[in-house]
Every structure is written in structure tokens, then in C-alpha cells.
There are 2 protein chains.
Amino acid sequence: MQLRMTNQREMILRELKKSKKHLSADELYERVKKFMPRISLATVYRNLEILSDASMIRKLEISGRQKRFDSELEDHDHIYCVQCHRIENLDIGDKEVNLTEVDTRGYAITGRRLEVTGVCPKCQKKNSKKNAKK
Amino acid sequence: MQLRMTNQREMILRELKKSKKHLSADELYERVKKFMPRISLATVYRNLEILSDASMIRKLEISGRQKRFDSELEDHDHIYCVQCHRIENLDIGDKEVNLTEVDTRGYAITGRRLEVTGVCPKCQKKNSKKNAKK
DNA sequence: TCTCCTTGCGATAATGATTTCCAATAGTAA
DNA sequence: TTACTATTGGAAATCATTATCGCAAGGAGA
């Protein structure tokens, strides 16, 4: 099957790259709709799937209900707020675990990442306000 | 609120511990149903939520659509088959990244895990058969 | 024991995210 | 132009999960 770079597809890719964040399909839909008011949410889903199959973007299978997509193709690590579900990149420098020393149970490794969970500064602030009220 | 250890709750906990795998709610439902044919899927969901709130089990927020649950409470690492969605534990020994040396962006850290993705031995075998046919 | 109150149950409806279906449209190649 | 195929928008369907509801069960206290 031959891929066509349609306007919709191009716009989706462009907006994802522009944001530099880990957007969900409907967040991206809201952004793209500003330029293409008639685009369908199904088109966004469809193209995110196609683009990640074609390795032009990356699908993050982390964190709860919604999938998130990333225009950064390199493996990198994430920190994830358990409260507001924000995901941010984590720079751990050269401290990564050397997998060659680990028993990987016969798997053919395709990727790796460190997922750290926690409460982000914003939610911490929110929580301390709440607790003060009580 | 006072927790009662009902038969259903006990059975769910027992089956999860017995399996030593990372089961989804409906997989667990199928197992428990063998002993309690009248149990409701809602009860399984409800109790998995309650048990993980009570820190008696752990909810894994990884891998695709379904949540998975684990009776192992300690933080540990996983390897995940991108093809059949199997999850297994990964023992990386003492080679873990020391987070105190990492900029965690002001997050209050609650957990961490290394996620390695790959193709499991079974799927590799399946794939080589397929390719041979072609 | 009887009564009140709370917790938990099973069945089912509702929800939210994602996927599929389908008829219409738009690129592409001869 | 014509024929073919990929892609679209919109709506319906699906899948996992959660909420609701009426009822049963398990104390606690009179």
C-alpha cells in the first residue's frame, strides 16, 4: 500500500512536532481543528496509527486511559504525574542501565525506557492548598 | 470505612497471587468464575480497585488498552512483548538507575520502573515460521 | 432477639476512548 | 479522460471500565 501525504496527515504531523509535548488524540484534534475545522476525530486517530506504523512518530503505551503520541523518535525516559496524567521527558544522562548485563529472557529487544511516577509540582501545590483548608 | 474480606474479595486476591502473572480484570474474572460462577465482572473491577487502594495489590499502568494487576507489591521492572502483549518481570539486579543523581523536575517520586519492549521467544518462533512460508 | 446502619453484591446502564464502516472524494498512473 | 486506490468525514459500533440501583449480609447496640 502506498502512503499519501495528504493535507490532514501533514497537518497532524506538523502540529505534533510543533507542540513538543506528548499529546493525546483529542488534544491534537483540538489543535488541528483550528486550521481544518471540518477534520474528523477519526482521521486524527487513523493517521496517528498510520504515522506510528510508518515510524514517523511514536506511540506511548503508558498511563491510564488515553494513548499519547510523540514526534521524538529516539528512546527516552519519562516522568508521569499520577494525579493529572501529565507526561514529561526525563533526562537521566548516561546513567542508563546496561541491558547487555541483564537476562532478557530470550526477547528480541526493540526499545527501553525508564518510567518514573510521581506528583508534579503543580499538583503538589494544589494538594497543600486543599490540606490547608481542612 | 471498614473493609470486609468477603468471599469474592478473598478469591480475587487468591487467584491473582496464585497466577503470579500480570492479569487483566477480565482474565481474572474468567479464573474466579470457575469457583464462583455467579460473580459479576463489576465485582472484580470494584475489588481490584479497592485492593489496590488498600495497597494489597498493585495496578500497572502500562501496555495498551487494559489495565493489569499484580500481587507483587515491590517496584520491579517489566519486559513487554509488542506483539502478543505478554508482560513478564525483569530482574536487573542492582543495576538500577540512581534517581538521586537525576533531575526529577520537582516531582515527588512515588515509583519507578524500567520498561523494556521486545518480541518474546514464542512470537519470534511464530514469525520465523511465517517468513519461511512466504 | 429486633432494628438500624453500613458494606458489598449482581445486573445492567452509562461513559469515554478508540475503531470500524461506508459512501463520497481526491490523487495517481495509464 | 478513465480506472483504480487511498483517504476522508460522519456516524455507528466496540471495548474496557465505571456508575447506579435495589437487595442481601454483617455487625453494633438496645
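Fair warning: this is a prediction, and the values are worked out from it, not measured in the lab. Chain naming here is simple, since letters A, B, ... match the order of the sequence lines and numbering starts at 1 in each.
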Would you kindly give the [atom1]-to-[atom2] distance between [X] and [N], to the nearest whole Å?
| X | N | atom1 | atom2 | value |
| --- | --- | --- | --- | --- |
| F69(B) | dA16(D) | CZ | C1' | 11 Å |
| R46(A) | dG9(D) | CZ | P | 7 Å |
| E49(A) | dT8(D) | CD | C1' | 17 Å |
| L48(B) | dC9(C) | CG | P | 12 Å |
| N7(B) | dG10(C) | CG | C1' | 15 Å |

Check the phosphate of [N] against [X], side-chain N and O only, distance under 4.0 Å to OP1 or OP2. Yes or no?
| X | N | value |
| --- | --- | --- |
| Q2(A) | dG27(C) | no |
| N47(A) | dT8(D) | yes |
| K67(B) | dC15(D) | no |
| T6(A) | dA26(C) | no |
| Y45(B) | dT18(D) | no |

Just to be sure I understand the geometry, which residues of residues 19-44 of chain B put a non-hydrogen atom under 4.0 Å away from DNA chain C?
R38(B), I39(B), S40(B), A42(B), T43(B)
Hey, are [X] and [Y] close enough for a salt bridge, meaning a charged N less than 4.0 Å from a carboxylate O?
| X | Y | value |
| --- | --- | --- |
| R58(A) | E72(A) | no |
| E27(B) | K21(B) | no |
| E115(B) | R112(A) | no |
| K17(B) | E15(B) | no |

With respect to the side chain of R4(B), which nucleotide from dG8(C), dT18(C), dT18(D) is positioned closest?
dG8(C)
Of the nucleotides dG9(D), dA17(C), dC9(C), which has the atom closest to the Q66(A) side chain?
dA17(C)
Across the strands shown, which category fits R9(A) at heavy-atom distances under 4.0 angstrom: base, sugar-phosphate, nothing?
sugar-phosphate
Short question: side chain of S24(A), backbone of R68(A) - any donor-acceptor pair under 3.5 Å?
no
